[in-house]
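Structure, as structure tokens:
Chain letters run A, B, ... following the sequence lines, proteins first, then strands; residues in each count from 1. Values below: all heavy atoms of this structure, side chains included; hydrogens, waters and symmetry mates excluded.
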Number of protein chains: 2
Amino acid sequence: MKKEISLHHKCHMNERCAKYNTCPIVLVHKLISGKWKILILWYLSSGCLRFSEIKRKLPDVTQKMLTNQLRSLEEDGLINRTVYPVVPPKVEYSLTKIGENMIPLLEQMYSFGIDYGKRNIIEKK
Amino acid sequence: MKKEISLHHKCHMNERCAKYNTCPIVLVHKLISGKWKILILWYLSSGCLRFSEIKRKLPDVTQKMLTNQLRSLEEDGLINRTVYPVVPPKVEYSLTKIGENMIPLLEQMYSFGIDYGKRNIIEKK
DNA sequence: CCGGATCCATTGCGATACTG
DNA sequence: CAGTATCGCAATGGATCCGG
């Protein structure tokens, strides 16, 4: 652990992370720091969902914004978008192969969330 | 793994994640989805840094935005802000105990970033 | 009906200048 | 050095319309 930290402690100055633009953590940051991306990926980690189903799970997001986020995730190769030419229209979203690799990360976020919630109760927030 | 997924596949509908506002992943999302939070936490995971040092590592962030993000992280109990009453002013930031619990998560993001980068090279992007 | 595109009103953010 | 203050623009939300 200590050793792992030492490998990046001079981020932007060592061989693994020589430049800001090629730093892996900067890359991940760009992928998931969209306003709703983590939640979208999380919901899709259980299986594919329709547009309206995702929207229902995200009460605070506007339709336009959700469309933007889904398009961005699609461009980054994290989710698939499947359009069924039926009436009424049906569009399904699912994780790509690469997107599925993010599931352990999402699971760990979930665990941290539980831990964080407990600590904040203890520390009376 | 499959079992773990089954525990949240009805997120917002089961006992662990009954409501949007109490869902652990929503909580984590609020903590780290700020425009620069992941990167700030990552840089601080190697040790405390001064305001100007963080700024130097983030060429694209404005001073105002960096201040906002640091204040928000402080409010959420993820980082400490230490002011030294000297001239010129000196302010240091570091992870709190809770913030340190996020380091494994950040390490996993870093690993995913490396993996994602490799795959995109292979798939000629 | 569903997914998405369009038109404004509002908010947030960046650039710059200024201060303790 | 580490912020605040101010202003103008770009991103965002809400309502509406559209096409299948």
Side-chain angles (χ1 to χ4, degrees), chain A residues 12 20-21 26 29-41 43-44 47-76 78-96 99, chain B residues 12 20-21 26 29-44 46-76 78-96 99:
Chain A
H12 298 344
Y20 180 76
N21 290 328
V26 172
H29 177 251
K30 286 177 184 171
L31 293 179
I32 67 174
S33 274
K35 213 170 175 186
W36 302 99
K37 292 186 178 179
I38 291 174
L39 295 181
I40 294 169
L41 291 168
Y43 296 141
L44 291 179
C48 76
L49 291 172
R50 297 186 57 170
F51 183 89
S52 55
E53 290 173 321
I54 300 173
K55 177 135 183 48
R56 205 171 307 131
K57 287 170 175 289
L58 292 168
D60 296 333
V61 71
T62 61
Q63 191 175 29
K64 182 166 61 175
M65 206 44 210
L66 181 55
T67 301
N68 287 346
Q69 299 287 289
L70 289 167
R71 291 285 192 282
S72 176
L73 288 168
E74 190 188 1
E75 279 175 26
D76 291 335
L78 295 175
I79 67 172
N80 300 305
R81 179 173 185 267
T82 313
V83 181
Y84 297 91
V86 296
V87 178
K90 178 176 174 181
V91 182
E92 278 186 348
Y93 295 91
S94 60
L95 294 185
T96 61
Chain B
H12 296 345
Y20 181 76
N21 290 327
V26 172
H29 178 251
K30 286 178 182 169
L31 293 178
I32 67 173
S33 274
K35 212 170 172 184
W36 302 98
K37 292 185 178 179
I38 291 174
L39 295 181
I40 294 170
L41 292 168
W42 172 252
Y43 296 141
L44 291 179
S46 303
C48 76
L49 291 171
R50 298 185 57 167
F51 183 89
S52 55
E53 290 173 320
I54 301 172
K55 178 138 180 46
R56 204 171 308 130
K57 288 171 176 288
L58 292 169
D60 296 332
V61 71
T62 61
Q63 194 172 26
K64 180 166 68 170
M65 209 40 214
L66 182 54
T67 302
N68 286 348
Q69 299 287 289
L70 289 167
R71 291 286 191 282
S72 176
L73 288 168
E74 190 189 2
E75 280 174 26
D76 291 334
L78 295 175
I79 68 172
N80 299 306
R81 180 172 182 268
T82 311
V83 181
Y84 297 91
V86 297
V87 178
K90 178 177 175 180
V91 182
E92 279 186 348
Y93 295 91
S94 61
L95 295 185
T96 61

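Residues I79(B) and L41(B) have side chains in contact (heavy-atom distance under 4.5 Å, counting atoms from C-beta outward). For the pair K37(B)/L31(B), no side-chain contact is recorded, criterion being any heavy-atom separation below 4.5 Å from C-beta on. Counting only heavy atoms from C-beta outward, the side chains of S72(A) and D76(A) approach each other to under 4.5 Å. Counting heavy atoms from C-beta on, the side chains of R50(A) and V91(A) never come closer than 4.5 Å. Side-chain contact between N80(A) and L95(A) is absent, with no heavy-atom pair separated by less than 4.5 Å. With contacts defined as side-chain heavy-atom distances shorter than 4.5 Å, the pair R71(B)/L73(B) does not qualify. Counting heavy atoms from C-beta outward, Y93(A) and T82(A) have side chains that stay 4.5 Å or more apart. Counting only heavy atoms from C-beta outward, the side chains of Q69(B) and I40(B) approach each other to under 4.5 Å.
The nucleotide range of DNA chain D contacted by chain B, defined by atoms under 4.0 angstrom from heavy atoms of the protein and reported 5' to 3', is dC1(D) to dT6(D).
When every heavy atom of K90(A) is checked against every heavy atom of E92(A), the shortest pair comes out as CE-OE2, 3.5 Å. The two residues G34(A) and S33(B) make their nearest non-hydrogen contact at O-OG, 4.1 Å.
Residues from residues 62-74 of chain A that place a heavy atom under 4.0 Å from any atom of DNA chain D, listed by number: T62(A), K64(A), M65(A). The stretch residues 31-40 of chain A touches DNA chain D through K35(A), each having a heavy atom within less than 4.0 Å of the strand.
Protein atom CD of E92(A) is 14 Å distant from nucleotide atom C1' of dG3(C), rounded to whole Å.
Two rings, from H29(A) and W42(B), have their centers 6.0 Å or more apart.
Positionally, the nearest nucleotide of DNA chain C for D60(B) lies more toward the 5' end than for the other of D60(B) and P89(B). Each of V61(A) and P88(A) has a nearest nucleotide on DNA chain D; the 5'-most of these lies closest to V61(A).
Using a 4.0 Å heavy-atom criterion, one finds that Y93(A) contacts the sugar-phosphate atoms exclusively. When heavy atoms are screened at a 4.0 angstrom cut-off, V91(B) is found touching the sugar-phosphate backbone but no base atom.
The side chain of R50(A) contributes an N or O atom lying less than 4.0 Å from OP1 or OP2 of dG3(C).
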